[in-house]
Protein chains: 2
Amino acid sequence: MKYQEVALAIEQSIRKQNLAQGTRLPSLSQLSTTYDASKTTMVKALAILEGRGIIFQVQGSGIFVRLKARDNYIPLTTNTGFTTDLGTHLITAKLLEFKVQKPSEDLIRDFNCDPDEDFFFLKRKRYIDKKVLCIENSYFRQKVVPYLNEEIANESIFGYLDKVLNLKVGFSDKYLQANVLTEAEAKLLELPLNAPGFYIDELFYSTTGIPFDFSQNVYHYKNAHFFLQSINK
Amino acid sequence: MKYQEVALAIEQSIRKQNLAQGTRLPSLSQLSTTYDASKTTMVKALAILEGRGIIFQVQGSGIFVRLKARDNYIPLTTNTGFTTDLGTHLITAKLLEFKVQKPSEDLIRDFNCDPDEDFFFLKRKRYIDKKVLCIENSYFRQKVVPYLNEEIANESIFGYLDKVLNLKVGFSDKYLQANVLTEAEAKLLELPLNAPGFYIDELFYSTTGIPFDFSQNVYHYKNAHFFLQSINK
DNA sequence: AAGTGGTCTAGACCACATG
DNA sequence: ATGTGGTCTAGACCACTTT
């Protein structure tokens, strides 16, 4: 896809030059000739960068660099299970549990599935730079993901799904709330009793619209902060 | 904008017919003739609906209805201060404090502003269906918003900014975390001491890229749940 | 008035899913 | 093989900001 290549090239150019917030980029027509793309393709590439929070466009005025005001926050907009993101940070995981089981009522609701379907259940503890990040309970639908084992679970599951099963994430729903940790969660997160937790439930759909993974995450409230950039268009 | 009208028309058509998750819509070319728009315009309209989580598209297969799996969650993707959203719910607010003050160090960092600038500070308590929703501390930059009073603060500030000052939100940054409530917050939220809070810091930029409003929100962890839909494109 | 981004079109061609 | 969505183009025109 040409527009993605162009978007990437522009992004890298911004990063490499370390441009400041509000710096003005060359005009649309200039960029078109620079990257040898039609105006329409250019517009699409810029729309992508705008969606990612890297630039903003002002009609009649220009295209400007947009930076986030704070650092070290986990982006909420990526679907990959953030192995790809947070480049400078070391994310690791420890597998705590692995089994096959039937869905709970909540799971039946979220997947809109048969109560007799089988699910791979896995519980993991994740670390960021060796600090506890979160506890993750994931449920993979066996109907869609026919095989999983502990070894795969210890590496990148989404990488396996993509490469081996050719199963890609099309879109996802996230549900967020704060709550008091359960006793078990507090122990695993190495936090005192009654400490708060940041809960994210996440439902992943394939590109064809079938939900195949539900993930229940409790984040350490001190080690995990999140951010999100939006546009009004 | 034609593509926005088309997008709205399709959305309303889906809602009116109360179509189920996964229902297939007419093909791209059929929609083009139905709404009398070129294929390109149609594609853009559909991209918008996809971004809003209303449909999903599968190459080579079709366009399908996407519904969220759960209800009664506050969407994180709108910038309007949610007066517009949550149609069936009654959102009200009570003004607790109103004054002009200089920025704190955090504020100087987020606005990247002069320490001598003046800010309108206002503290509000918000309710959803008469239950406590959150405590909001907002700071409006006087340089951009030259006038505000208690009366305006009691109604829709963003409506005032738009209509009277012609100031629109271009984009925004949100920062999220869980934490233990302070004593004052707990009292205002009518929660016990040491209860958790869901914190959202929000920085609003004008369409020209100038940050003009910083808002620090603490949500009642039982009365406020959030959701977010993403696409992998 | 000039320059910039935003919208829309018709049409060609590509990539994928399904029967 | 057919139909579907996805990409790309050149070009016309519109809306806004700046000088």
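Letters go in sequence order (proteins before strands), and every chain restarts at 1. Reckoned from all heavy atoms, side chains included, excluding hydrogens, waters and symmetry mates.
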*Going by distance alone, is a donor N or O of one side chain under 3.5 Å from an acceptor N or O of the other, for S32(A) and S29(A)?*
no
*Between D118(B) and K102(B), does at least one N-O distance fall below 4.0 Å, as a salt bridge requires?*
yes
*Would you say Y3(A) reaches dT7(D)'s phosphate, i.e. side-chain N/O to OP1/OP2 under 4.0 Å?*
yes
*What residue pairs, at least two apart or across chains, pass salt bridge (Lys or Arg N to Asp or Glu O under 4.0 Å) with a residue in residues 142-159 of chain B?*
E117(B)-K143(B)
*Could you tell me the separation between the CG atom of N166(A) and the C1' atom of dC16(C), rounded to a whole number of Å?*
11 Å
*How close or far is atom C1' of dG5(C) from atom NZ of K44(B), stated in whole angstroms?*
11 Å
*Report the distance from atom CG of L31(B) to atom P of dT4(D), rounded to the nearest whole Å.*
11 Å
*Hey, what's the ring geometry for F119(B) with F111(B), parallel, tilted or perpendicular (30° and 60° as the breaks)?*
tilted
*Pair D173(A) + K68(B), salt bridge at N-O below 4.0 Å*: no
Extract all donor-acceptor atom pairs below 3.5 Å that involve side chains of residues 2-11 of chain B and protein atoms in other chains or at least two apart in sequence.
unit_1 : atom_1 : unit_2 : atom_2 : d
K2(B)  : NZ     : D36(B) : O      : 2.8
E11(B) : OE1    : R52(B) : NH1    : 3.2
E11(B) : OE2    : R15(B) : NE     : 3.4
E11(B) : OE2    : R15(B) : NH2    : 2.7

_Please report the distance, rounded to the nearest Å, between CG in L28(A) and C1' in dC14(D)._
14 Å
_In this structure, how many angstroms lie between the C1' atom of dC16(D) and the CE atom of M1(B), rounded?_
11 Å
*Answer with base, sugar-phosphate or nothing: what part of the nucleic acid does I63(A) contact at a heavy-atom distance below 4.0 Å?*
sugar-phosphate
*Would you please confirm or rule out a distance under 4.0 Å between OP1 or OP2 of dT4(D) and any side-chain N or O of Q57(B)?*
no
Distances under 3.5 Å only, N/O to N/O: pair up the protein atoms with those of nucleotides 17-19 of chain D.
unit_1  : atom_1 : unit_2 : atom_2 : d
dT17(D) : O4'    : G60(A) : O      : 3.4

*Who pairs with F227(A) by ring-ring contact (aromatic ring centres under 6.0 Å, His included), at least two apart in sequence or on another chain?*
none
*To the nearest Å, give me how far apart CD (E50(A)) and C1' (dG6(C)) are.*
11 Å
*In whole angstrom, what separates L46(B)'s CG from dT4(D)'s P?*
14 Å
*Does any pair with a residue in residues 34-61 of chain A pass ring pair (Phe, Tyr, Trp, His ring centres under 6.0 Å), and if so which ones, sequence neighbours excluded?*
F56(A)-F64(A), F56(A)-F171(B)
What are the atom names and distances for every N/O pair under 3.5 Å that joins the protein to nucleotides 9-13 of chain C?
unit_1  : atom_1 : unit_2 : atom_2 : d
dT9(C)  : OP1    : K2(B)  : NZ     : 2.6
dT9(C)  : OP2    : S38(B) : N      : 2.9
dT9(C)  : OP2    : S38(B) : OG     : 2.9
dT9(C)  : OP2    : T41(B) : OG1    : 2.4
dA10(C) : N6     : T40(B) : OG1    : 3.0

*Given atom CD of E5(B) and atom P of dG6(C), what is their separation to the nearest angstrom?*
18 Å
*No-hydrogen, no-angle side-chain donor-acceptor test under 3.5 Å, Y147(A) and N149(A)*: yes
